[in-house]
Amino acid sequence: MKVLVINGSPRKKGNVARMLAAVREEAEERGFDVTCLSVSDLKVAPCTGCMVCRSRLSCVLPKDDAQRVLGLIEACDVLVVGAPCYWGNMPGQLKVLFDRIVYGMMGESASGIPKPLHKGKKAILVAACTTPFPFNILFGQSQGVVRALKEILKWSGFKVVAAVQQGGTKKRPVTERKLRSCRRALRKI
Ligand SMILES: Cc1cc2nc3c(=O)[nH]c(=O)nc-3n(C[C@H](O)[C@H](O)[C@H](O)COP(=O)(O)O)c2cc1C
């Protein structure tokens, strides 16, 4: 079982990184083949919106890390994406990455009906924000991250089996209880 873990936070020792580490540890204990990457290490130019990739199935921009990550997503069985909440959504770098690889995530019929390209694969989401529980959910803060990532993954064919959210990170970092939830999430695949 190949597991790809993407950290959408620029903080490599932050809350999301710790939550993802718990998922990774559980996966490694189960003998899965785990690859981890951090969007802050990637060089990905923003999408120009030309739409050429939809018919050509490749991007017209000079090759960068977007294509490399798409290759890893294509090769994985389970995708784990973690992101902090920035303005009720995922950070820009992570969104830019998903924009650039749209053609490898979701195809389209001649009339524009989406065709998911990763059917049968599973996904786990983790998100963190400073807004405390239950307002992180009610006001769409970490919930906004989960909603936005689910939108991408749903249309790409992934089944999201678990979404773990940590609110209130200003007052205290991610809790042990939440780390246990992250480990449990991996057991759902
Ligand atoms: C640019 C920026 C925007 C943010 N926007 C929000 C927000 O809209 N709502 C919120 O609750 N927290 C917001 N935060 C706080 C982060 O979500 C929070 O600190 C999170 O725990 C960071 O996770 P990390 O340690 O993994 O990077 C923002 C932080 C930054 C840097």
Side-chain angles (χ1 to χ4, degrees), residues 3-29 32 34-47 49 64-66 68-69 72-73 76 78-101 122-154 156 158 160-189:
V3 181
L4 176 63
V5 180
I6 300 179
N7 183 2
S9 171
R11 301 180 69 223
K12 290 193 179 163
K13 292 183 178 167
N15 298 288
V16 169
R18 288 188 61 212
M19 293 166 88
L20 291 175
V23 180
R24 188 198 67 218
E25 280 162 22
E26 185 71 28
E28 284 174 348
E29 278 170 25
F32 297 161
V34 186
T35 303
C36 299
L37 60 88
S38 198
V39 284
S40 59
D41 291 332
L42 305 177
K43 294 265 178 297
V44 179
C47 173
D64 59 21
D65 286 328
R68 185 171 67 82
V69 176
L72 292 171
I73 292 176
C76 81
V78 179
L79 179 61
V80 184
V81 186
C85 166
Y86 284 8
W87 293 108
N89 210 310
M90 72 190 84
Q93 297 105 307
L94 184 60
K95 178 64 164 48
V96 163
L97 172 66
F98 282 122
D99 290 347
R100 279 289 308 287
I101 60 175
K122 293 183 177 163
I124 294 169
L125 304 178
V126 310
C129 71
T130 49
T131 307
F133 181 83
F135 305 107
N136 62 321
I137 311 283
L138 294 175
F139 296 161
Q141 298 301 295
S142 55
Q143 184 66 38
V145 178
V146 168
R147 183 205 58 76
L149 287 170
K150 274 187 176 170
E151 185 69 15
I152 294 168
L153 296 179
K154 174 185 73 182
S156 304
F158 286 89
V160 176
V161 296
V164 184
Q165 302 182 42
Q166 174 73 63
T169 59
K170 189 166 190 179
K171 214 166 170 196
R172 57 170 188 194
V174 62
T175 60
E176 287 303 321
R177 189 163 158 252
K178 211 54 88 169
L179 294 176
R180 283 197 295 277
S181 302
C182 290
R183 280 178 165 272
R184 263 200 311 277
L186 196 277
R187 293 179 211 140
K188 292 187 183 171
I189 61 167

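Both counts, for ligands and for their atoms, begin at 1 and track the order of listing. Residue numbers run from 1 in the order of the sequence given.
- At a cut-off of 3.5 Å, with distance as the only test, no side-chain donor of Thr131 or Asn136 sits close to an acceptor on the other residue.
- Lys154 pairs by the side-chain contact (heavy atoms from CB on, under 4.5 Å) definition with Glu151, not counting sequence neighbours.
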Quick check on ligand 1: any N or O pairs to the protein under 3.5 Å? One line per pair.
unit_1	atom_1	unit_2	atom_2	d
ligand 1	5 (N)	Cys85	O	3.3
ligand 1	5 (N)	Trp87	N	2.9
ligand 1	8 (O)	Trp87	N	3.0
ligand 1	8 (O)	Gly88	N	3.2
ligand 1	8 (O)	Gln141	OE1	3.2
ligand 1	9 (N)	Gln141	OE1	2.7
ligand 1	11 (O)	Thr130	N	3.3
ligand 1	11 (O)	Thr130	OG1	3.3
ligand 1	11 (O)	Thr131	N	3.0
ligand 1	11 (O)	Thr131	OG1	2.5
ligand 1	12 (N)	Thr130	N	3.4
ligand 1	12 (N)	Thr130	OG1	3.0
ligand 1	14 (N)	Cys85	O	3.1
ligand 1	17 (O)	Cys85	N	3.3
ligand 1	17 (O)	Cys85	O	2.6
ligand 1	17 (O)	Ala128	O	3.4
ligand 1	21 (O)	Asn15	ND2	3.2
ligand 1	21 (O)	Thr169	OG1	2.7
ligand 1	25 (O)	Arg11	NH1	2.4
ligand 1	25 (O)	Asn15	N	2.9
ligand 1	25 (O)	Asn15	ND2	3.0
ligand 1	26 (O)	Ser9	OG	3.4
ligand 1	26 (O)	Asn15	N	3.2
ligand 1	26 (O)	Val16	N	2.9
ligand 1	27 (O)	Ser9	OG	2.6

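- Although no hydrogens or angles enter the test, the distance criterion places a donor-acceptor pair under 3.5 Å between the side chain of Asp65 and the main chain of Lys43.
- Using a 4.5 Å heavy-atom threshold, the side chains of Leu37 and Asn7 count as separate.
- Contact check for Phe32 versus Ile189: side-chain heavy atoms found under the 4.5 Å cut-off.
- With hydrogens and angles disregarded, no donor-acceptor distance shorter than 3.5 Å links the side chain of Gln165 to the backbone of Val126.
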